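Owing to the predicted nature of the structure, the values given are computational and were not obtained by experimental measurement. When a ligand or atom number is given, it counts from 1 through the structure's own listing order. Computation of the quantities below employed the complete heavy-atom set of this structure, encompassing side-chain atoms and omitting hydrogens, waters and symmetry-equivalent molecules.
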Amino acid sequence: MENKTSSTSITNGFHLVVDAMKLNGLDTIYGVAGIPVTDLTRLAQAEGIRYIGFHHEQSAGNAAAISGYLTQKPGTCLTVSAPGFLNGMVALANSTTNGFPMIQISGSSDRALVDLQQGEYEELDQMNAAKPYAKAAYRVDRVEDISIGLARAIRAAVSGRPGGVYLDFPGDVLAATLDTETAARSLVRVVDAIPRQLPAPESVKRAIEVLAKAERPLIILGKGAAYAQADADIRAFIEKTGIPFQPMSMAKGLLPDDHPQSTAAARSYALAQADVVVLIGARLNWLLGHGKSPQWSPAAQFVQLDIEATEIDSNRAIAAPVVGDIASSVSALLAMLKPGQIRAPSAWLDQLAQHKQRNQERMASRLAANPDPMDFYSALGAINGVLADKPEIYVVNEGANTLDIGRNVIDMRMPRKRLDSGTWGVMGIGMGYAIGAAVVSGKPVVAIEGDSAFGFSGMEIGTICRYHLPIVTVVFNNGGIYRGDDVNHSGGTDPAPTVLMKDACYEKLIEAFGGDGYYAADPQDLAKALTDALASGKPALINCPIDPTAGTESGHISNLNPQSNITEKK
Ligand code: ADP
Ligand code: MG
């Protein structure tokens with residue numbers, strides 16, 4: 001006898017997740033397989049989603065976050081329950097802090113047992129644990145809600161100020177079955193996930209009026225401006241008005257660093273002297289001295305373009321807020337600007353030019369020095385020389401001195417090519433960002449890493465080799481955190497807390513996975529190794545010994561480092 005139900009086809013939660021992702025153009029998963037999502041990784045790959053498997057969830061999350069920043073599509077990270085979930089949380093929190101759109105999807109254990117705390121395998125109330133670190137956190141409790149859950153996650157990640165979203169799929173929901181018709185009806189395709197948010201015309205008018213009175217105007221470009229992909233209009237506004245601009249680190253290259261209006265080489269002077277400042281996708285946080293004296297003039301007036309209304313007045317009064325998406329706001333400014341209405345005064349440009357020249361000469365002499373062993377400047381100068389005619393190459397940069405000096409030495413010429421520690425000044429993003437950038441773009445990446453920063457995610461060179469990604473990792477080995485020459489104040493034989501290993505053979509690590517290892521002890525060797533490594537297109541690691549005494553404690557932010565006045569034990 002024919003059984004009626006057996007002729008109805010049955011599907012399950014795993015298939016629904018994959019179908020919902022594909023329907024919404026989420027074509028890549030960065031993750032670590034394990035209970036209860038192992039079969040999700042297999043099925044996703046079988047169905048044409050690219051799966052990049054990592055050694056640690058934090059790097060998978062960082063790769064997802066940076067792919068979100070580069071593409072405006074939420075990067076997807078997949079983690080297993082409890083510990084895997086928590087490992088991914090640092091990346092999710094970092095992505096929320098930086099305004100990068102990402103979704104961390106995690107499997108989770110049996111809710112009935114978790115909620116009664118009955119000691120389930122990998123027991124954790126993940127959704128509630130995620131809430132403080134995520135822009136939004138959702139849990140899907142019924143298999144037919146999988147696609148609506150993903151739709152909510154996508155919207156939350158990319159609309160308004162982007163951020164990290166947590167999406168929880170308990171194992172039993174993934175395994176639950178339903179008939180294919182119900183499954184098909186449950187699918188949701190997100191329409192207009194990033195709706196334009198037009199600024200109010202009166203806010204645009206007010207901004208132009210404030211700016212028109214400026215004697216020393218300055219534009220600050222932040223990574224929100226880079227994210228917005230409004231490159232041509234931002235450039236047109238800057239060039240039409242002649243206003244000098246200062247890029248925040250990840251906005252470097254939005255206009256080329258050698259643009260005549262860039263104040264990068266006269267940063268402190270420009271900030272302190274400006275009388276009207278236009279913030280475009282940059283927050284007045286610690287990276288900009290909270291908008292206060294001594295970095296800024298107390299009398300300066302601020303115009304701020306941001307999508308997040310509550311960002312306005314967060315640190316100091318904003319005279320002219322323009323709340324809207326940056327593409328719409330900049331195009332509205334351009335449309336309302338009358339020819340010749342705003343023109344940066346030449347006296348101001350002359351003063352800036354003088355300061356720029358003085359600082360550029362100072363930098364040139366630092367770069368020209370050829371100390372043995374290399375210092376940060378000579379090594380970075382060699383890299384900058386190699387990259388000068390390769391503007392399409394992504395530069396990932398982390399470390400303390402490696403980051404701070406790297407930001408000043410490495411010139412960028414194209415938008416969204418510089419990826420670094422960002423808003424938190426976090427270490428450990430390097431390999432994840434490099435992998436995410438290489439995967440979404442197919443373009444080469446050079447990751448310039450302090451030895452300490454590299455250590456956080458160094459095992460991912462295995463991932464780089466497994467997927468044959470064109471990433472060259474340069475380890476600046478000064479043998480420690482900040483510096484490599486600190487002493488143990490107890491008089492004992494353990495190394496000092498900030499000391500790592502200056503003779504470590506980092507190049508051998510990548511050889512273990514089949515990549516190319518290089519050792520470069522002077523700028524000529526480094527330039528040659530980098531040129532060869534980039535030409536080969538293969539995964540490579542260049543170990544660069546740097547003078548252990550060359551760095552400064554905490555790099556350029558030693559003011560944030562409290563001191564104990566420790567004395568030596570006799
Ligand atoms: P930076 O560190 O480069 O100064 P921040 O991360 O501090 O940059 O600031 C970026 C700002 O840009 C955030 O306040 C965020 O709300 C805003 N932002 C991000 N994307 C957009 C967008 N598409 N339109 C408008 N503002 C945006
Ligand atoms: Mg170091």
Side-chain angles (χ1 to χ4, degrees), residues 68-69 72 94-101 135 158-163 194-199 220-230 234 246-252 254 279-291 304-312 314-315 318 321-331 376 379 398-403 405 407 416 418-425 427 448-456 475-486 498-502 504 506 544-555:
Y69 169 72
Q72 297 187 341
N94 184 56
S95 111
T96 304
T97 300
N98 281 282
F100 301 158
K135 186 178 169 194
V158 296
S159 62
R161 174 186 285 169
I194 314 180
R196 287 199 299 151
Q197 297 193 24
L198 304 181
I220 305 282
L221 297 173
K223 60 180 164 324
Y227 174 80
Q229 301 194 13
I234 289 173
Q246 174 65 43
M248 301 299 289
S249 70
M250 283 180 60
K252 275 165 67 80
L254 191 44
L279 300 164
I280 307 187
R283 287 172 282 189
L284 281 180
N285 56 18
W286 68 281
L287 289 157
L288 284 171
H290 301 282
Q304 183 162 23
L305 276 59
D306 205 290
I307 201 154
E308 181 77 39
T310 55
E311 186 56 41
I312 310 299
S314 58
N315 283 272
I318 301 297
V322 181
V323 175
D325 74 86
I326 282 170
S328 301
S329 296
V330 174
S331 109
F376 290 96
E398 64 172 337
N401 295 280
T402 306
L403 173 76
I405 303 173
R407 191 171 47 232
R416 294 171 294 283
R418 183 184 161 86
L419 313 170
D420 67 26
S421 302
T423 304
W424 261 348
M427 298 300 143
I448 309 170
E449 304 270 311
D451 54 336
S452 150
F454 173 69
F456 285 93
V475 177
F476 276 12
N477 183 11
N478 69 343
I481 301 173
Y482 310 131
R483 295 164 65 100
D485 63 341
D486 201 4
T498 56
V499 166
L500 296 167
M501 292 180 78
K502 76 177 178 46
Y506 287 105
C544 285
I546 302 283
D547 184 350
T549 68
T552 49
E553 175 131 337
S554 306

query: Is the closest heavy-atom distance from Gly324 to ligand 1 below 4.0 Å?
result: yes
query: To which protein heavy atom is atom 2 (O) of ligand 1 closest, and what is the distance rounded to 0.1 Å?
result: Lys223 NZ, 2.8 Å
query: For the residue pair Phe476 and Phe376, does the interplanar ring angle fall in the parallel (under 30°), tilted (30 to 60°) or perpendicular (over 60°) class?
result: tilted
- prompt: Of Asp306, Leu221, Thr97, Leu284, which has the heavy atom at the shortest distance from atom 13 (C) of ligand 1?
  reply: Asp306
message: Can you report which non-hydrogen protein atom sits closest to atom 18 (N) of ligand 1, along with the distance?
response: Gly224 CA, 3.9 Å
message: Salt bridge check, Arg161 against Glu311: does any charged N sit closer than 4.0 Å to a carboxylate O?
response: yes
message: Under a 3.5 Å threshold, yes or no: a donor from one side chain and an acceptor from the other, between Thr97 and Asn94?
response: no
- line: Rounded to the nearest 0.5 Å, the CG atom of Leu279 sits from the CE atom of Met248 at a distance of 9.5 Å
query: What is the nearest protein non-hydrogen atom to atom 23 (N) of ligand 1, stated with its residue, atom name and distance?
result: Ala228 CB, 3.9 Å
- prompt: Between Ile220 and ligand 1, which part of the residue brings a heavy atom under 4.0 Å of the ligand: side chain, backbone, both or neither?
  reply: neither
message: Rounded to the nearest 10°, what angle sits at the Mg ion (ligand 2) between OD1 of Asn478 and O of Gly480?
response: 90°
message: Please name the atom of Asp451, limited to N, O or S, that comes nearest to the Mg ion (ligand 2).
response: OD1
Protein heavy-atom partner closest to atom 22 (C) of ligand 1 - residue, atom, separation in Å: Ile326 N, 4.0 Å
Identity of the nearest option to atom 11 (C) of ligand 1, non-hydrogen atoms only, from Gly281, Ala225, Gly160: Gly281
Nearest-0.5 Å distance, NZ of residue Lys223 to CE of residue Met250: 6.5 Å
- prompt: Does ligand 1 have a heavy atom under 4.0 Å from the side chain of Leu288, from its backbone, from both, or from neither?
  reply: neither
task: Answer with side chain, backbone, both or neither: which part of Arg283 has a heavy atom less than 4.0 angstrom from an atom of ligand 1?
output: both
